[in-house]
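Inspection log for the structure reproduced underneath, given as C-alpha cells.
In what follows, chains carry the letters A, B, and so on, assigned in the order in which the sequence lines appear, proteins first and then strands, with residues in each chain numbered from 1.
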Amino acid sequence: MLGKDDLLRFYRMMQTIRRCEERLAKAHQQGLIPGACHTYVGQEAVAAGVCAHLRKDDVIFSTHRGHGHALAKGVSPRELIAELFGRATGCSRGRGGSMHLFAPEVGLMGTTGIVGPNILQAAGAGYSFKLLRSDRVSAAFFGDGAVQNGAFHEGLNMASIWKLPVLFVCENNQYATEVPFRYASGSPSVAARGQAYGLPGVEVDGNDVLAVHAAAGEAVERARKGGGATLLECKTYRTRPHAEGMADFGYRSREEVEAWKARDPILRLQRQLLEKGLAGEAELRAIDQEVEAMVDDAARFAEASPWPDPATAADHVYSESC
Amino acid sequence: MLGKDDLLRFYRMMQTIRRCEERLAKAHQQGLIPGACHTYVGQEAVAAGVCAHLRKDDVIFSTHRGHGHALAKGVSPRELIAELFGRATGCSRGRGGSMHLFAPEVGLMGTTGIVGPNILQAAGAGYSFKLLRSDRVSAAFFGDGAVQNGAFHEGLNMASIWKLPVLFVCENNQYATEVPFRYASGSPSVAARGQAYGLPGVEVDGNDVLAVHAAAGEAVERARKGGGATLLECKTYRTRPHAEGMADFGYRSREEVEAWKARDPILRLQRQLLEKGLAGEAELRAIDQEVEAMVDDAARFAEASPWPDPATAADHVYSESC
Amino acid sequence: MARREITFMKATLEALSEEMAKNPAIFVLGEGVGKRGGNFGTTTGLYDLYGPERLCDTPICERGFIGLCAGAAMTGTRPVVDFMFSDFILDAVGEIANQIAKIQYMSNGRLKMPVLLRGSIGIGHSSATHHSGSYYSMYAHFPGLRVAVPSTPYDAKGLLKRALNCDDPVLFLEHKSLLAAKGPVPEEEYQIEFGKASVKREGGEVTVVAIALMVQHALKAADRLASEGVSVEILDPRTVSPLDTEAILKSVRKTGRLLIVDESFAPCGIGAEIAARIAADGFDDLDAPIRRLNGLHAPTPYSPPLEAAVIPNPETIAAEIRRLLEE
Amino acid sequence: MARREITFMKATLEALSEEMAKNPAIFVLGEGVGKRGGNFGTTTGLYDLYGPERLCDTPICERGFIGLCAGAAMTGTRPVVDFMFSDFILDAVGEIANQIAKIQYMSNGRLKMPVLLRGSIGIGHSSATHHSGSYYSMYAHFPGLRVAVPSTPYDAKGLLKRALNCDDPVLFLEHKSLLAAKGPVPEEEYQIEFGKASVKREGGEVTVVAIALMVQHALKAADRLASEGVSVEILDPRTVSPLDTEAILKSVRKTGRLLIVDESFAPCGIGAEIAARIAADGFDDLDAPIRRLNGLHAPTPYSPPLEAAVIPNPETIAAEIRRLLEE
Ligand SMILES: Cc1ncc(C[n+]2csc(CCOP(=O)(O)OP(=O)(O)O)c2C)c(N)n1
Ligand SMILES: Cc1ncc(C[n+]2csc(CCOP(=O)(O)OP(=O)(O)O)c2C)c(N)n1
Ligand SMILES: [Mg+2]
Ligand SMILES: [Mg+2]
C-alpha cells in the first residue's frame, strides 16, 4: 500500500518535472536553448508513476519528449538544463540537447530524435537481462505516433515470443505533432493491440499517477519474475505546443486544451493529498519552494557552465579498444 | 453461384501451376535454372481462388514464392519458365528469375526477393486507384513470415485509415524457411491481427479453393465498392522444400508433410467434382493432358529461347524521359 | 521589369503548386503536409486547393509510405514524399534502393517510377544528430536514382519542376540553412536539366566544386580571396546523380587546381567521386593534388561550438584554397 | 607440420565458436541460426553447444532485431547478427547509421556498442538483384562503423576474432563466391587489426587495390600478365573503414600507377575514396591517371550472360592494367 511518503515523492517528482519544463520553456524564449525543446507538461504522472518502480540498474529508453523520463530516472535538473543549454556539464556533455539525453549511470540509456528505435532498444536490454539471468527490467516510453511505426510491431512481437522483461509505455497524448491519433491509427485503442502480439495490454488514465503506478507495478513485477513484457497505454495530453515556439491551435482547440488542463495530474494529486488529509497546503508549498529553488539553482548552474571544447568535437566516434 | 465451368477453370489453373512447378523442380535438378526456385506446390488453391475475382486491370504484388500468382494472373507458362531459365523471352526478359517476375501487361506488378515491400506496394496501387476514382483493386500475396515484419504493420494500418481497395492475402504455410510460425509470432492467428488495424480479418482453409474463392469474393467486392481493405489468412502448407535443392526434414517431419499431402487442394477439388457428378474422370484426365502439353511446350519454348544480349545489361536503369 | 526575388522555399512551393495544378495525378504524402502546410511551409495553401487526398497526412511510418509510393507510381499516379528531415527516411533505404530504384530496370523498362522524395538536409541551428543528415552521397551510389541538391531558389524551382516531369525517382534535398535565402526567380516557366552544373563564379586560378550550402560559403570565401588578388571559379553540380563531369573537367583544364567542398562525410562521399573522376580524366590538367574539404567524420553534435567545429565555413574554405594555391 | 587449409566459412565458424566459448555474453541472432546452423553454415553445431538463447532464431524483422542489438550491446551483452544477405539489412540502415553507429559518440564514450553484423555480399550464382548487394561503401561513409571485407580464410578468421574483441560496431561482409574457397589458417590463436592492408602479391609496375572477390580475380589477372612480363602489385585493404591509406601510398610510391578494382557501384564507392586519397597525398608519385574498374552502375540481373556482363573478371582486369600501363 502506498503511504503518505510515496505520494509526496510522486508530488515532488512531478513538480520537479513541471518546473524544469517551465524553466526550459522560458529559457527557450530567451534564446538560451539553441535547438529544439519538447516539453512534457501535462504528462508528468506517467514518468513519475512508472519510474517509481525502477531500480537504478533498471534501464529506460525514451524519445524526443524525454525530459520527464530523464528526471524521473534520476538525472538531476542541473544536468538536464545544462544539456539543453549546450554546456559541457550537461548529461550528454552538450552533444545531445533536448532529444539526445544520455545518463547510463542512472539507467537512462538514451532518448532518440527518430521515432521508433527506442522501442527496439528496450527490447534489446530485455534480451541482455534475460541472457545474463538478471532480474533487471527495461522500459521504453513512446508516443501514440510511434504505434503506427514498424518498430512498434517488430519490437513488441520479439519481446513477446522471447518473454523479455520489458515495459512498453505508450503515452497516448492524442497527437503526433499535429496529426491526431484517431486519424493515424486503424484502431482506436493502443492497449488492445497487445493482443496482436500475445501481450497483456493495459489502458490506464495517464493523468492519474496512482493509476499509472498501480498498473506499472504489476507490469514490472511480471517482468522481473520472468513473466515477460507488458504494453501499457497511458491516456494523457500535452498542454504545451509540440515543441516550444510552435503554433498550437491550427489542429486543436483552446477549449480542448483547457479541458485537459482541468485534469492536470499535479493538481489532481494535490487535491487527493489534501482531501485525504495526507498533506496540508503548507507542506505542499514547502515542497514547491524546494523544487523551485532546485530548478533555480540548476538554471544558474547551467548558464554558468562552460561550453564544450571544440577540439573534442570528434572524440568518441570510435572506442579506444579497436 | 459457382457452376461446373468455374470449378473446371479452378481445376485447370491449379493443375497448370502444379505441373509448371513440377517441371521447374525437375529443370532445377537438371541445371536448367541458374538461380533459386521456390515452388508453390500445395498452395495452388490460394492463387487460383483469389485471382479468379481479379480483372486484367487489377494488380497483384507477390513474393519469392510467386510462380503460382503469376500464372493465375495471366502470365503464360512459356514466359514463366523462360524467365527461370534466364532467357530473353521470360516475363522479366531474364533480368529476374524466380523471385522477380514482372508482367505489368496482365497486372503482375512484380514479385520481390525481399520480404515485405510488396505489402506496401499493394497499398500504393490502392492509393492510386482511390485517387484516380477507379474501381480497380490491388492484392498483395505474402507468407506468414512477412506478418512479423514492419511492412505488414505499416501497410495494413495505412490501408485501413485511407480505406484503400486492397486485399492482403497471407498464405500461412506455417514456416518461414525453417522457422515455424508458432515460434515467430506472438499471436497464433494472423486473421485476428486485422483488429489491430480496424480491418476485417478472415481465416479460411487455404487448401479449399471454394472457401478461398468465397472469402476473396467478399473482400474484392468490398474493395471495389469503396469499403476498404481486407486481411485474408489462408491456412495452407507447402509440400516441397523452401527452395529446390534444400533439405526438408530438419525442421518438420515426414509425417507432417504426408498429412498435408493428404489434404492436397487439387485432389480435394477433383474429389468434389467427381462426387458432385460435375465431371468424370475422363474429362479431368483430358484437362490434365492439355495442361501437360502446354507445360511441355513451355519448357521446350524456354529451352529454345535465346539468352539476353549482354550489351543490354545496363539498359533501363533510368527512363528515357529525363 | 525588376527581377523578382523570392525565397528558396517559396520557389519550391511555386514549382509544386504549378505542377499540381497541371497534373491531377500528383499527390503529396507526409506528416503535416495537409492543413498544417508542411513542417517547412513546403505545402502552404495547397490543402485548400487540392484537398486531403492530394495532400495526405501520414502516420509516422516512413518505410511504409515510401514503399507505398512505389506501388502508386507503378499504377498511374505521381507521388511526392515530403519527409521533413533526411534522417527520417533511413528507415526506408530498403524501399528506396532495392525497390523504387530498381523496378524500372527489373521490369525491363515496362514500369515507370516517378517518385519524388523531397526534404531537408544539412547541419545547422543545433539540430543535433538526428536532424542534420545529408546522405546525398549514399543515394548517388545506388543506380536508378536522381539526386538534386540545389543551392539557389532559381535552381531549386527549375530542378523541382524537372523532377515532376521526369519518370525516374528523384531525391530532392534542400539544405535547411538555405530555405529562407532569397534569390531571383523569373515568373516564366522553366526547367533545369539534371546533370548540368552551374558556374556560380568565374575565376582562373582554382576550381572549387561545392554542394548546397557550401556553394554560398565558397562564394563568401572567394569574395574574401578576390580582395587578396586570388581568382576562384566556383561550380555547383546541382545534381550529384547524374554528375556533370564535363563541366568540372573544363574548369580544371583552365585552373589546374581543384578543391571540393562538401559539408557531409568525406569517406565515399561525392567529393571522393569528383576527385576520382578528375584524377582519371583530368590528370594531365592538374598542377597540384586534388583536395577535399569536408565536415568531420563524426555524428553531428548539438552544442553550438561543437556544431561549428564539424563543418566547413568561409574561413576554413579560404584557408584551404590558399593552401592549395601554394602546392 | 603441414600447413592446415580450411574454407573461408570454416575459418569464420572457428572464430565465432572460439569466442563464444570464451565469452558467454556473445549471442547470435538471425533467421535459421539455431538448429539449422545458418543459411551458409555459419553457425553449424553451435546450437547444440550453446542453446537457443545464444543461437536465437528470429522472425523476419531485420530492422527490429538489429535495433534490438543496440539495446543489448549497451547493457552488457555482445550481439552478433547473422543476416544472410546484405540486401536484407537495408531496412535497418536507420538503426545502423543513426543509432548503432552514433551511440558511443552521443553518450560521450560512456556507452559501448559491440555489435557485429555479419553476412554475405556480392554478385554471383544468378542470385539476382535482391541477393547480390554489397554496400560496404555505404557503410564506410557513415562515421562510427568498422567495415571488414576479407578475401581469404586467414584474413576472415583474424578479422572476425578482432571484431568479437572490439567495442565498436563492425560490419563483417563475406563474399558469397569466396565462402567455399580454401586457404591456410594456423591452429594458433591470432587476430588481425583493422586498418591494415595486406600485400597479396608484390610487383613493381602497377598497384592494384582490390576488394573481396576482386582480389582473387586480380591475382589471376596478375598471373596472366606476369607471363607477358608485367609486374603487378596487389593490395587488399581488408577493411574499408578504417582504410589503410599508408599502405596504398607506399605501393604507389614504388609503382607510380594505381588501379582500383571493386565489383560494386563506382559512384561514391570505396574506389572513389581510394582514388581521392591518392590524388591528394600521392599526387607527386603518380605517373599516370588513377583508374577504377567497377561493376556496372545497374541493378544485378539474373540471367548468366547479363550477370557476367555487370562485373569485372580476370580478363577485364588484365585489359585495364594493360591500358593503364600505356598511359
Ligand atoms: C522517424 C521519424 N519521423 C518523423 C519524425 C518527426 N517527429 C518528431 S516528434 C513527432 C511526433 C511524435 O508523436 P508521438 O509519438 O505521439 O509523440 P509526442 O510528440 O506526442 O510525445 C514527429 C512526427 C521523427 N522524429 N522521426
Ligand atoms: C527481408 C528479408 N529477410 C530475409 C529473407 C530470406 N527469406 C527468403 S524467403 C524467407 C521466408 C519467408 O517466409 P514466408 O513469408 O512465410 O513465405 P514462404 O516462404 O513460407 O512462402 C526468408 C526468411 C528475405 N528474402 N528478405
Ligand atoms: Mg503523441
Ligand atoms: Mg511461410
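Between C:Gln99 and B:Leu120 the shortest side-chain heavy-atom distance does not fall below 4.5 Å. Taking the side chain as every heavy atom from C-beta outward, B:Arg93 and C:Arg110 approach each other to under 4.5 Å. You'll find the side chain of B:Phe129 reaches within 4.5 Å of the side chain of C:Thr75, heavy atoms only. Side-chain atoms of C:Thr58 and B:Met158, non-hydrogen and from C-beta on, never get closer than 4.5 Å to each other.
Minimum interatomic distance between B:Phe102 and C:Ile103 (heavy atoms only, all atoms of both residues): CE2-CG2, 4.1 Å. Considering all non-hydrogen atoms of both residues, B:Asn157 and C:Pro59 come closest at ND2-CG, 3.9 Å.
Using a 4.0 Å cut-off between charged side-chain N and carboxylate O, C:Glu53 and B:Arg133 make a salt bridge.
Taking the ring axis of C:Tyr105 as reference, the NZ or CZ atom of B:Arg95 stays within 45° of it and closer than 6.0 Å to the ring centre.
Among residues two or more places apart in sequence or in another chain, the ring-ring contact (aromatic ring centres under 6.0 Å, His included) test is passed with B:His242 by B:His38, B:His64. Legend: residues meeting ring-ring contact (aromatic ring centres under 6.0 Å, His included) with C:Phe83, ordered by chain and number and at least two apart, are absent.
Listed for the C:Asp168 side chain is a donor-acceptor partner under 3.5 Å among the backbone atoms of B:Ser319. A donor-acceptor pair is defined here as one N or O able to donate and one able to accept, closer than 3.5 Å; no such pair exists between the side chain of C:Thr77 and the backbone of B:Ser128. A side-chain donor-acceptor contact under 3.5 Å links B:Tyr318 to the backbone of C:Leu145.
Ranked by heavy-atom pairs under 4.5 Å with chain C, the first of B:Ala151, B:Gly96, B:Gly113 is B:Ala151. Contact count against chain B (heavy-atom pairs under 4.5 Å) is highest for C:Gly144 among C:Cys69, C:Ala101, C:Gly109, C:Gly144. Here C:Cys56 is the residue among C:Gly94, C:Cys56, C:Gly76, C:Pro79 with the most heavy-atom pairs under 4.5 Å with chain B. Per-residue counts of heavy-atom pairs under 4.5 Å with chain B were compared for C:Ala70, C:Ser107, C:Pro52; the largest is that of C:Ser107. Looking only at heavy-atom pairs under 4.5 Å with chain B, the residue among C:Lys112, C:Arg63, C:Gln104 that has the most is C:Arg63. Among the candidates C:Arg162, C:Met74, C:Arg146, C:Glu95, the residue making the largest number of heavy-atom pairs closer than 4.5 Å to chain B is C:Arg146. Comparing B:Glu105, B:His100, B:Gln121 by how many heavy-atom pairs each has under 4.5 Å with chain C, the most go to B:Gln121. The candidate from B:Ala123, B:Ser138, B:Pro117, B:Pro104 with the greatest count of non-hydrogen atom pairs under 4.5 Å with chain C is B:Pro117.
For C:Asn108, the parts lying near chain B are the backbone and the side chain together; criterion is any non-hydrogen pair under 4.5 Å.
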